Amino acid sequence: MQSASIEAERAAGSPAALDTAAAEFRAALPETAVITDPQRLRTYECDGLASHRVIPAVVVLPETAEQVRDVVRTCAAHGIPFVARGAGTGLSGGALPHSSGVLVVTSRMRSIVEIDVVNERAVVEPGVINLDVTKAAAPQGYYFAPDPSSQQVCSVGGNVAENSGGAHCLKYGFTVNHILGLEVVTPDGELVELGSDAREAPGYDLMGAFIGSEGTLGIVTKITVRLLRKPEVVQTLLAGFPSTDEAGAAVSAIIADGVTPAAIEMMDALAIEAAEQAVQCGYPEGAGAVLVVELDGPAAEVEHTFAEVERHCRARGAFEIRVAADDAERAMIWKGRKSAFAAVGRISPDYIVQDGVIPRTALPEVLGRISRLSSESGVRVANVFHAGDGNLHPLVLFDDAEPGAGERAEAVSGAILDLCIEHGGSITGEHGVGADKVKYMGRMFTDQDLDTMQRVRCAFDPVGICNPGKVFPTPRLCGEVPGRRTGVHPLTEAGLADQF
Ligand SMILES: Cc1cc2nc3c(=O)[nH]c(=O)nc-3n(C[C@H](O)[C@H](O)[C@H](O)COP(=O)(O)OP(=O)(O)OC[C@H]3O[C@@H](n4cnc5c(N)ncnc54)[C@H](O)[C@@H]3O)c2cc1C
């Protein structure tokens, strides 16, 4: 384990080091793969969290794992920070560049290397678009289950880094449940493999540690994903309820009855209004909330459980239930839900996409408190979320042209996360901490928790050049003695762990 001074980590690339590195990149990469022109660099100044912007010093677009390795080696040799970027759709600023660092963009690494249905897996490069994996496997009756709403544009490398979820993760699990192996460039420029072709391997689950680490432990250059056989049938239902209370009660009743739908999504009145304006999805008129419930599996099973779901919805007050008769109707039902984030732009010039988790049973209580927060502050909040997972996505609306409106919206947004923590939940369900939620980490974790997590980061990245400044409020190094807040960690005190 290498130690380094705090100054080295936080100093970032000096102008001279960056010039040298850019020259080395030009020698090793295709001519168009190195960008230093200030105008062109602006293309990469933000991800989906456009309120945070930083222009990188250099952008590189490698085409092979070896090129990524060489770029990282150069960065490591010169002490230059680097940040990986896939499609840049992240909503927490995870791919926000470093102003004195290198942005490594994987958009030229889009090969689907292998579709192996016999072993139910595919091997892809990190820049491959999520939905393209399913498109490639579909002719053989297979698909890639993780389905973030951004799946038409986001990359599998980004999915791995964020451990992304989606509507169907209720039944099938998050990205982590669908990754079998990773090829990774470590922060010191070594190309290594994590995971194995076998389902189980001895030793620490380093791949598990890597998935969801938000680009802080290295750059993924190849991914072996699990493929699932397409279900025999899919049934989709849209139910209109008077309010989110009844819809929330229906969700709890369905799951308590032992039914695990592929997806249960909820939208409240304001989210429905936005979706109607944007895509005219024709949701039940006058609904205070809608549920989209999808079941999939063998025909006989789905037929039986679908009847149960309908019964629970009616018993909890659903006043209208529609069942998709074919794929076109199913697509229309999903269109309203999948367009909801962007649709909110129709009813508000600006909005914050919040992401928090609560236990499913706390839905009615927390939604009621969000509604009170909204009326007390005068800040409108639209709710659209993965109800089955208790993964909320409150959309906090404001008009930045109005003085103080942004700050009020930010305060409401933070108060919603406090509600999630208070109810035993989490400050992020699937969008990650990135740059945006660093400030909330201390609300959820103790200093000792954070310190322990950073020891893992230090083991991968002793000098702190890999996506620095993300996830942790106070970055620490392997050579850094826990600071003013931490004292001696209980594990160290018990002789179970060393202080690096
Ligand atoms: C409209 C919309 C809807 C969305 N819906 C969902 C949703 O339903 N569920 C969900 O989970 N997310 C959702 N997201 C968020 C986002 O799409 C996901 O987090 C996605 O996985 C990011 O992929 P990306 O390729 O855009 O990654 P980027 O934004 O480019 O990067 C995200 C993070 O991954 C790291 N990274 C990227 N590539 C690599 C690599 N090769 N190696 C190591 N680290 C890497 C970056 O450093 C950064 O920290 C949505 C976003 C939008 C805009």
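Counting starts at 1 for both ligands and their atoms, following the listed order. It should be emphasised that the depicted structure is a prediction, and the values quoted were computed from it without experimental measurement.
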*Pick one of side chain, backbone, both or neither for how His431 approaches ligand 1, counting any non-hydrogen atom pair under 4.0 Å.*
side chain
*Does ligand 1 have a heavy atom under 4.0 Å from the side chain of Glu430, from its backbone, from both, or from neither?*
both
*Heavy atom of Pro146 under 4.0 Å from ligand 1?*
no
*At what distance is the nearest protein heavy atom to atom 27 (O) of ligand 1, and which residue and atom is it?*
Gly158 CA, 3.6 Å
*Write out the residue and atom name of the closest protein heavy atom to atom 41 (N) of ligand 1, then the distance separating them to 0.1 Å.*
Val220 O, 3.2 Å
*Ser149 vs Arg337 side-chain heavy atoms within contact, under 4.5 Å*: yes
*Considering the heavy atoms of Asn467, write down every atom of ligand 1 situated less than 4.0 Å from one of them.*
47 (O), 49 (O)
*Who's the nearest protein heavy-atom neighbour of atom 25 (O) of ligand 1, and how far?*
Ser155 OG, 2.6 Å
*Of all the non-hydrogen atoms in the protein, which one sits nearest to atom 53 (C) of ligand 1, and at what distance?*
Thr89 O, 3.6 Å
_I'd like to know if the side chain of Asp461 reaches the main chain of Ile465, judged simply by a donor and an acceptor atom lying under 3.5 Å from each other, with no hydrogens or angles considered._
yes
_Between ligand 1 and Gly88, can you find any atom pair, the residue atom being a heavy atom, that is separated by under 4.0 Å?_
yes
_Numbered atoms of ligand 1 (with element) below 4.0 Å of Pro126, judged on heavy atoms_ = 41 (N)
*Test ring pair (Phe, Tyr, Trp, His ring centres under 6.0 Å) applied to His168 and Phe144, Trp334, Tyr143, the passing residue*: Trp334
*If we only count heavy atoms from C-beta on, is the Val379 to Phe398 side-chain gap below 4.5 Å?*
no
*Just which atoms of ligand 1 are under 4.0 Å from any heavy atom in Ser164?*
11 (O), 18 (C), 19 (O), 20 (C), 21 (O)
*Where's the contact between Val153 and ligand 1, heavy-atom distance under 4.0 Å: side chain, backbone, both or neither?*
neither
